[in-house]
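Following: one structure in structure tokens, then a few remarks.
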Amino acid sequence: MISRFAPSPTGHLHLGHAFAAWIAWQAAREAGGSYLLRWEDIDGSRCRPEYEASTLEDLDWLGLPPDDVSMRQSKRLPHYEQALATLRERDLLYPCFCTRRDIQEEIAQSGRAPHGPDGPIYPGLCRHLSAADVQSRIDGGEAHAWRLKMDQAVAMVGKLSWQDVEAGEQLACPEIFGDVVLARKDIPTSYHLAVTVDDANQEITLVTRGGDLFESTHIHRLLQALLDLPVPMWHHHRVICDANGKRLAKRDAATTLGTLREDGITAEDIWRRLDIEGRNARGSSI
Ligand code: GLU
């Protein structure tokens with residue numbers, strides 16, 4: 001049994017992160033397995049070493065030091081390139097030259113804006129460019145992302161399902177996202193591709209994260225099928241909100257674990273706030 005906690009070092013941890021780390025730690029401890037930390041640091045401009053340092057400090061303070069912290073996404077770009085090459089060979093990717101503004105204008109003009117979990121579904125502008133047009137734009141150095149041909153991908157793998165510890169068996173429905181970006185313009189990967197490739201590489205059997213990423217799992221399950229990767233179990237926990245019912249955010253200094261600690265809050269108080277009695281019970285449902 002191998003669990004993981006996969007923070008992006010773009011800010012300080014808050015109670016939601018404590019919850020995800022605790023679930024990963026607890027599950028590994030119960031099963032005599034390992035609990036790994038992976039740095040999801042592909043967003044170079046927003047990641048900072050001081051956030052990595054405070055993350056490790058917070059985990060120590062909580063009593064959840066990871067068994068290993070050596071995996072770092074920014075060092076794994078060739079692995080993501082390889083996965084992209086596999087998908088390209090299967091004719092499942094196409095380059096997309098659109099800017100955000102191109103997409104907004106197209107949506108405004110067409111008067112149709114079907115939405116997925118991440119916002120408007122890509123209207124397909126670049127899906128049917130001619131091969132010659134694509135080649136000349138790439139040769140001209142035009143920045144481009146790579147999108148998945150979602151309908152073809154789904155047709156290729158058929159019906160898929162996945163298991164969540166709290167929510168039970170889920171039918172995968174990645175089509176709600178439309179043609180998702182698997183490699184961004186600035187970096188040859190995306191959250192969805194990197195997380196899927198890395199969870200497989202680390203042989204993760206339990207993925208723990210907040211319920212705000214629940215729907216992303218439909219895409220990850222599809223990518224596992226397309227890339228022939230093993231399928232873990234997921235535990236999406238309820239999203240932790242502040243007293244006003246607003247989802248906690250890293251940018252809100254008042255609710256980081258570091259601030260709570262400075263205010264005299266103890267790790268035991270954190271478990272009480274999360275409703276995790278004595279750190280032995282499972283968290284409440286999503
Ligand atoms: N890196 C993501 C975050 O910090 C978590 C991704 C995951 O656990 O799959 O929100």
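In each ligand, atom 1 is the first atom listed, and ligand 1 is the first ligand listed.
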Q: Kindly write out the residues that satisfy side-chain contact (heavy atoms from CB on, under 4.5 Å) with Met233, not counting sequence neighbours, or none if the list is empty.
A: Gln163, Val165, Leu206

Can you list every pair where an N/O of ligand 1 is under 3.5 Å from an N/O on the protein?
residue: ligand 1; atom: 1 (N); partner: Ala6; partner atom: O; Å: 2.8
residue: ligand 1; atom: 1 (N); partner: Ser8; partner atom: OG; Å: 3.0
residue: ligand 1; atom: 1 (N); partner: Glu40; partner atom: OE1; Å: 2.7
residue: ligand 1; atom: 4 (O); partner: Ser8; partner atom: N; Å: 3.3
residue: ligand 1; atom: 4 (O); partner: Ser8; partner atom: OG; Å: 3.4
residue: ligand 1; atom: 8 (O); partner: Arg4; partner atom: NH1; Å: 2.7
residue: ligand 1; atom: 9 (O); partner: Arg4; partner atom: NH2; Å: 3.0
residue: ligand 1; atom: 9 (O); partner: Tyr191; partner atom: OH; Å: 2.9
residue: ligand 1; atom: 9 (O); partner: Arg209; partner atom: NH1; Å: 2.8

Q) Got more than 12 heavy atoms from elsewhere within 6.0 Å of CG, Asp228? A) no

Q: Look only at the side chain of Asp242 and the backbone of Lys246, and say whether a donor-acceptor pair between them is shorter than 3.5 Å.
A: yes

Q) Residues sharing Tyr122's hydrophobic cluster, by side-chain heavy-atom contacts under 4.5 Å among ILVMFWY, directly or via others? A) Tyr94, Ile103, Ile107, Leu125

**Q.** His220 ring center within less than 6.0 Å of Trp234 ring center
**A.** no

Q.
Can you list everything that forms a salt bridge (Lys or Arg N to Asp or Glu O under 4.0 Å) with Arg76? Sequence neighbours excluded, please.
A. Asp198

